[in-house]
2 protein chains.
Amino acid sequence: MPNLLIIGGSDAGISAALRARELDPAADVAVLLADAFPNFSICGLPFYLSGEVPDWRALAHRTEAELAGHSIRLLPRHTATAIHPGRREVEASAPDGTQVRLGYDRLIVATGAVSRRPRAIRGLDQPGVFPLRFMADSFAMADYLERTRPSSALIAGGGYIGLEMADGLTRRGLAVTVAGRSVLGTVDPEFGRLIQAELERNGVRVAGGVTVEEIDAGSEHLSISGSDGFRAEAGMVLVAAGAEPATGLARSASIALGQGGAIRVNRRMETNLPDVYAAGDCVETWHRLLGRPVYLPLGTTAHKQGRIAGENAVGGDKEFAGSLGTQVVKIFDLAAARTGLKDAEARAEGFTPLTVQSEFWDHKAYYPGARTLHVRVTGDRATGRLLGAQILGHWQAEVAKRIDVFATALFHGMRVEDLDQLDLSYTPPLGSPWDPVQLAGQAWCRASEGRRDV
Amino acid sequence: MPNLLIIGGSDAGISAALRARELDPAADVAVLLADAFPNFSICGLPFYLSGEVPDWRALAHRTEAELAGHSIRLLPRHTATAIHPGRREVEASAPDGTQVRLGYDRLIVATGAVSRRPRAIRGLDQPGVFPLRFMADSFAMADYLERTRPSSALIAGGGYIGLEMADGLTRRGLAVTVAGRSVLGTVDPEFGRLIQAELERNGVRVAGGVTVEEIDAGSEHLSISGSDGFRAEAGMVLVAAGAEPATGLARSASIALGQGGAIRVNRRMETNLPDVYAAGDCVETWHRLLGRPVYLPLGTTAHKQGRIAGENAVGGDKEFAGSLGTQVVKIFDLAAARTGLKDAEARAEGFTPLTVQSEFWDHKAYYPGARTLHVRVTGDRATGRLLGAQILGHWQAEVAKRIDVFATALFHGMRVEDLDQLDLSYTPPLGSPWDPVQLAGQAWCRASEGRRDV
């Protein structure tokens, strides 16, 4: 009956708790939670702020009552302040300000990440300027939107959150400008341009190649200025500059750090300290294709790592098989998805990549409603091995699950040529006898062999 | 510069021709075609007859002009009447009734399948009674529908074509009755019942467990009778009793037959005769999971086998990796998909299967439009290996591509437990941090270990 203590009640922490309870009903499982929102869907925040999800309570992956039903002891509004590995104890400040001490047999550190605050931007601390990561950020922004009813917003950052919020705030009636170095830099620029066109089609102004430098309070609006003479006025600013691992607590307990300043873990999610595991956005992640750790915080990975940490913490012996960086984002009517490496990433890793982009119907064109899918396949010229794929298309054109077929193929180290052999489903309203996944593979093979298109 | 002759211009034959031309631009490629519709989408016929595809010409996977552009010599309305392997010659009757002789260096037999005509049904040859496989069947039925405007139809057979046509004819305004031993017997009865409910919700009468025995011409309607006292009247009858391989030509040339009376081929698509290949619905198919040939005619498989036969016929050395029987069908608002083995099939093959059915949202329930997916996972108790999966849900809930993730996992012989490790994509409008594919795997693992649901 191990005493399992988990610091952090988001995806990784709660996944660990649930898995531990599932495998060892006798385990005593407690979760220290800095806020009062265990296992809330961070990825859902843009949809709450857009108005598509009217009630924020719906964002809980699991309710507190459900967690209590599984005999998981939640300690909300408890901020862990120190780990004492020697005496296997964690100190935390309780909601009433007192310090509490909690012993453990096994500890899981799942402190997550925090929004990056770019030092280059002056004026981040003004009213009307927001990060977006926690429920509290979300409430603050919702309150501001309700109270001041801004007619415009500037979003600094063209990544996932920035673009989802450009969609969400436009839906809410605001005039939105996105200023960022790139538009969805997680996919190749060819797709970035198509996404920019979709943003503009929906009225979003896109200032590409721009770095925001200063935010000034004006009489009615915030004034924003940036590189290349960029100037804008807006009723609010969202700073969406990515995330960095929250590791202060771990560092002060001499838990070793690794890639990207995240906690170093092995594939069993063990840190350098005995009986101390870590998982989620605060740890480095084993990259299955690269065969080495990287910093790549994703909700899906946090769930997996948490589950494995929870399993191993109650005596299991499970290894994390690794991430491929599989991601999808919906922006207005488009879904953009990727798995594995982009061309430039593959090149930087020493592969000799070839990336081939082609277009297909999502299903037989004769059946109503067919839509174009853009597919980019990156393969290694030297070995023929699949290195990555990107798909862009209408969000209801099965973009996400098609990238999952690529991801499953990548997981198994398939060669591009062999995608053809996969026995995929077909009916005219939903596909074609060769799925676009396979047609894109065939296009890659033709290009790599210098054959003409038949 | 081999002289390649192909008998049959549907999926397998045309795929073979295109692949041969692609790899060997010097090859002389000719295709004997019994009708005048090369590479038409048989799977599209129900959507033409339903009115969803107004022009039958749209059903061509590739137009005749496209094929001519690839220097593929089409010989339409040529019926092959004999193969003379000794002198490498094929005899065919030309449209004008004359016999022609065509020599070959390599021959590909792609004669396809024909609709099964159940001997147990009396009265199949009457006006108003139709099979559905070829363009000619389709034209005959379309003409009859146009001319006599029947208000009702009886469909004998509850398989793919029967149910797609129940949907299609209902859409056209006919009152439809389906009589068949089972409702979509390719999935488990649990799903069959849900599909029956969907049919009934749309006004289709379903007579399950019934075998049609006799069709009589009445004064205004056809009178249909069957087992268990079944009686019905209808303005037309579709007999959808499956397909059987068209092998008369092959047999008379001493080409050996195998499973299901289909042409025996190895994984290079070679028959027992030198330089004679065969592919598509006329051949037996290597089953990847069973490791032996079966008869399992599917359009996707025909394309693959044709492509491989075409490659090998011009000097390639490619093996067919095998089928998993992956299929999907749209029936009204539902899509039903399967891959691998059903529970009963797995048992019959000597596995000790466990099948677990569970239900999930297709995406996070808080985002509008979430729909229920029913997922059945069949795994081997002894080894933990994934044996098959079935999914049923709204046709726009990414059922098809989710079965493809299972199919890709099966292709690689994954264990159910390891589905968890796949790095699949996630965004709230399109999925959840664990995709239903993985949640269904987790449910299977819990059931197989006798653990409670957490």
Side-chain angles (χ1 to χ4, degrees), chain A residues 11 18 21-22 41 43-44 47 52-53 58-59 61 70 288 299-301 303-304 307 321-330 335 337 339 364 366-368 395-396 398 400-405 407-409 411-412 418 420-431 433-435 451 454, chain B residues 11 18 21-22 41 43-44 47 52-53 58-59 61 70 288 299-301 303-304 307 321-330 335 337 339 364 366-368 395-396 398 400-405 407-409 411-412 418 420-431 433-435 451 454:
Chain A
D11 293 346
L18 287 166
R21 292 289 309 160
E22 178 176 66
S41 174
C43 302
F47 308 105
E52 290 160 283
V53 178
L59 296 180
H61 282 309
H70 294 306
R288 184 169 179 87
T300 45
T301 305
H303 276 84
K304 285 185 183 71
R307 188 173 161 93
S323 170
L324 296 162
T326 313
Q327 302 165 52
V328 64
V329 60
K330 175 183 177 297
T339 185
K364 289 305 298 179
Y366 60 71
Y367 188 85
W395 70 290
Q396 288 171 318
E398 310 214 349
K401 300 309 141 196
R402 282 187 163 110
I403 213 69
D404 290 351
V405 174
T408 306
F411 185 94
H412 292 286
D418 295 331
D420 246 18
Q421 297 266 16
L422 292 175
D423 184 16
L424 306 180
S425 62
Y426 163 53
T427 185
L430 292 168
W434 299 107
D435 190 78
R451 278 185 281 104
V454 170
Chain B
D11 293 346
L18 287 166
R21 290 290 310 161
E22 177 176 66
S41 174
C43 302
F47 308 106
E52 290 160 283
V53 178
L59 296 180
H61 282 309
H70 293 306
R288 184 169 178 86
T300 46
T301 305
H303 277 83
K304 287 186 182 70
R307 189 172 161 92
S323 169
L324 295 162
T326 312
Q327 304 166 51
V328 62
V329 61
K330 176 183 177 300
T339 186
K364 290 303 300 180
Y366 60 72
Y367 189 85
W395 70 290
Q396 287 169 320
E398 310 213 350
K401 301 308 142 197
R402 282 188 164 111
I403 213 69
D404 290 352
V405 174
T408 307
F411 185 93
H412 292 286
D418 295 331
D420 246 17
Q421 297 266 16
L422 293 175
D423 185 15
L424 306 180
S425 62
Y426 163 53
T427 184
L430 292 169
W434 299 108
D435 191 78
R451 279 185 281 103
V454 170

For D435(A), is it the side chain, the backbone, both, or neither that has a heavy atom closer than 4.5 Å to a heavy atom of chain B? side chain

Which residues share a side chain to side chain contact (heavy atoms under 4.5 Å, CB included) with A400(B), sequence neighbours left out: E398(A), S425(A), L430(A), V328(B)

Is chain B contacted by the side chain of K364(A), its backbone, both, or neither, given a heavy-atom distance below 4.5 Å? side chain

Taking the side chain as C-beta and beyond, is there a heavy-atom pair between D404(B) and K401(A) under 4.5 Å? no

Scored by heavy-atom pairs under 4.5 Å with chain A, the best of R288(B), Q327(B), K304(B), K330(B) is K304(B)

Let me know if I403(A) has heavy atoms under 4.5 Å from chain B in its side chain, its backbone, both or neither. side chain

Side-chain heavy-atom pair L424(A), T408(B) within 4.5 angstrom cut-off: yes

Is it the backbone or the side chain of W434(A) that comes under 4.5 Å from a heavy atom of chain B, or both, or neither? side chain

Pair count under 4.5 Å, heavy atoms only, with chain B: among G299(A), A409(A), P429(A), G431(A), highest is P429(A)

Can you sort out the partners of A407(A) under side chain to side chain contact (heavy atoms under 4.5 Å, CB included), two or more places apart, ordered by chain and number? T326(A), T339(A)

Distance in Å, H412(B) NE2 paired with L422(B) CG, rounded so as to fall on 0.5 Å steps: 10.0 Å

Does the salt bridge (charged side-chain N to carboxylate O under 4.0 Å, His left out) test come out yes or no for R307(A) and D420(B), once each step is laid out? CA-CA 10 Å; R307(A) 188 173 161 93; D420(B) 246 17; 2.7 Å; yes

Contacting moiety of Y426(A), where chain B heavy atoms sit under 4.5 Å: both

